[in-house]
Amino acid sequence: MQGIRASLSQPETPVRMLAALAACLLAACSPSATVETGAASGDAKRKVVFVAGEDSHGPKAHEHAAGTRLLAEELRERYGDIDTVSVIGAWPEDETVFEDADALVLYCDGGKGHLINDHLERFNAMVEAGVGIAAIHYCVEVPKGSPSADAMLDAIGGYFETWWSVNPHWTARFSALPAHPIVQGVTSFSTLDEWYFNMRFREGVIPILSAVPPESTMERRNGPHSGNDAVRKQVADGVPQVVAWAYERPGGGRGFGYTGGHFHANWADDNARNTVLNAINWVAGAGDVP
């Protein structure tokens, strides 16, 4: 209290006043996370932690909180041995929520604002410990050539690389599905989404969902997210593009990338939702590749 009175009695220099104002604005604008726990419907043997970023893009798109709650609830009901922890709105201040996790599911904005950028020590430690990692939609993008890019490649085997990968909205038709636990019970389907493609992959990635993009995906000019000469040739040649993939890490642990998930309404599509739920279950340690 004496310190506060003393500071009030002393004239503030412009520099000190600006610094104080900046600190106040930073504190007011910094997002804080809420933590929601959910108990398994049966005997809990595994733990899945979701980290959902703030919602963005307005209603009906990038609804990270609502999508996370939907997936966490159905995951618990469908696989009765999983407890869930959902961290909503930001990276958790208390990182003990990650202790004993079998899988981490990321659903957040990416690029320079990706939640792992400032928390790579913890993220890399989980990857090295064999924790399964699933990344949904925009959070498969991290800054090109950055430590985050190396971390994402290690974790899930691929990422969206600016000036190489693209993010058009298009209806992908998935007619051929692999023999893999992630698509168990999934049938051929088509969905309009912001399906990213021409991802930067590491050797060993297993394609899960692939489709041939229409020529309309190349209507935009070249840009960091919109197009480049290499991807234009692939589309012109009718090359199938991988938009969801699995990865068995050489050092142990599993990864999954899913570029859909832009529109919240698409979680009502049984095949799209079941693919992601199966994948979370798989990266958390269930099922082997036939």
Side-chain angles (χ1 to χ4, degrees), residues 26-37 47-58 61-72 75 84-129 131-162 165 167 194 196 199-200 224-225 247 253-262 264 276 279-280 283-284:
L26 182 62
C29 295
S30 297
S32 58
T34 59
V35 179
E36 303 170 2
T37 59
K47 174 182 174 181
V48 173
V49 179
F50 290 80
V51 175
E54 292 184 294
D55 291 352
S56 60
H57 287 55
H62 288 218
E63 293 193 14
H64 302 128
T68 289
R69 291 184 175 112
L70 180 154
L71 292 171
L75 190 74
T84 63
V85 178
S86 298
V87 183
I88 307 294
W91 190 266
E93 295 179 6
D94 181 2
E95 292 186 338
T96 60
V97 298
F98 297 125
E99 292 181 358
D100 302 319
D102 295 285
L104 168 65
V105 182
L106 296 167
Y107 195 14
C108 62
D109 283 353
K112 293 181 179 179
H114 202 297
L115 294 180
I116 71 167
N117 291 341
D118 295 328
H119 304 281
L120 284 176
E121 183 176 359
R122 169 62 74 166
F123 182 76
N124 287 333
M126 286 190 281
V127 173
E128 291 172 7
V131 175
I133 305 292
I136 302 173
H137 197 49
Y138 190 7
C139 73
V140 300
E141 181 189 331
V142 285
K144 177 180 178 179
S146 69
S148 294
D150 293 335
M152 193 63 74
L153 283 168
D154 289 342
I156 66 172
Y159 81 106
F160 184 108
E161 182 180 287
T162 52
S165 308
N167 65 349
E194 188 182 32
Y196 308 158
M199 311 298 287
R200 182 64 72 185
H225 297 84
Y247 184 58
R254 294 167 170 174
F256 173 72
Y258 182 80
T259 72
H262 177 83
H264 183 69
V276 174
I280 297 170
V283 299

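Remember, it's a predicted structure, so these values are computed and weren't measured experimentally. Note that the numbering runs from 1 along the sequence shown for the chain.
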When rounded to the nearest 0.5 Å, the distance separating CZ of Arg69 from CD1 of Ile88 is 4.5 Å
Working note: Phe123 + Val51, criterion side-chain contact (heavy atoms from CB on, under 4.5 Å); need CA distance, chi angles, decisive distance, verdict.
CA-CA 12 Å; Phe123 182 76; Val51 175; over 6 Å; no
Nearest-0.5 Å distance that lies between atom NE2 in His119 and atom OG in Ser148:
10.5 Å
Taking every heavy atom of Val85 against every heavy atom of Lys47, the minimum-distance pair comes out as CG2-CE, 3.9 Å
For side-chain contact (heavy atoms from CB on, under 4.5 Å), just list the numbers for Leu71 and Ile136, CA-CA rounded to whole Å, side-chain angles, deciding distance to a tenth of an Å, and then say yes or no.
CA-CA 11 Å; Leu71 292 171; Ile136 302 173; 3.9 Å; yes
From Thr68 OG1 over to Glu36 CD, what is the distance, rounded to the nearest 0.5 angstrom?
9.5 Å
Check the pair Tyr159, Lys144 against side-chain contact (heavy atoms from CB on, under 4.5 Å), reporting the backbone distance first and the verdict last.
CA-CA 9 Å; Tyr159 81 106; Lys144 177 180 178 179; 4.1 Å; yes
How are the rings of Phe98 and Trp91 set to each other: parallel, tilted or perpendicular (split at 30° and 60°)?
tilted
Could you measure the distance from the CZ atom of Arg200 to the CD atom of Glu161? Nearest 0.5 Å is fine.
4.0 Å
From His114 NE2 over to Leu106 CG, what is the distance, rounded to the nearest 0.5 angstrom?
6.0 Å
For a 4.5 angstrom cut-off between non-hydrogen side-chain atoms, does His62 reach His262?
yes
Minimum heavy-atom separation for Asn117 to Gly111, with atom names?
ND2-O, 3.0 Å
Got a donor-acceptor contact below 3.5 angstrom from the Tyr107 side chain to the Gly261 backbone?
yes
Determine, stepwise, if the pair Met152 / Ile116 fulfils side-chain contact (heavy atoms from CB on, under 4.5 Å).
CA-CA 9 Å; Met152 193 63 74; Ile116 71 167; 4.0 Å; yes
Nearest-0.5 Å distance, OH of residue Tyr138 to OG1 of residue Thr259
14.0 Å
Return the minimal non-hydrogen interatomic distance between Ala90 and Ser32, and the atom names on each side.
CB-C, 4.1 Å
Could you report the tightest heavy-atom contact between Ile133 and Ile156, atom names first, then the distance?
O-CG2, 3.5 Å
Quick one: does any side-chain atom of Asp55 pair with a main-chain N or O of Ala65 as donor and acceptor, under 3.5 Å?
yes
Nearest non-hydrogen partners of Leu115 and Gly53, listed with the distance
CD1-CA, 4.0 Å
If you take all heavy atoms of Pro143 and Ser146, which pair is closest and at what distance?
O-OG, 2.6 Å
Please confirm whether His137 and His64 have ring centers closer than 6.0 angstrom.
no
Measuring only between side-chain heavy atoms, which start at C-beta, is His225 closer than 4.5 Å to Phe160?
yes
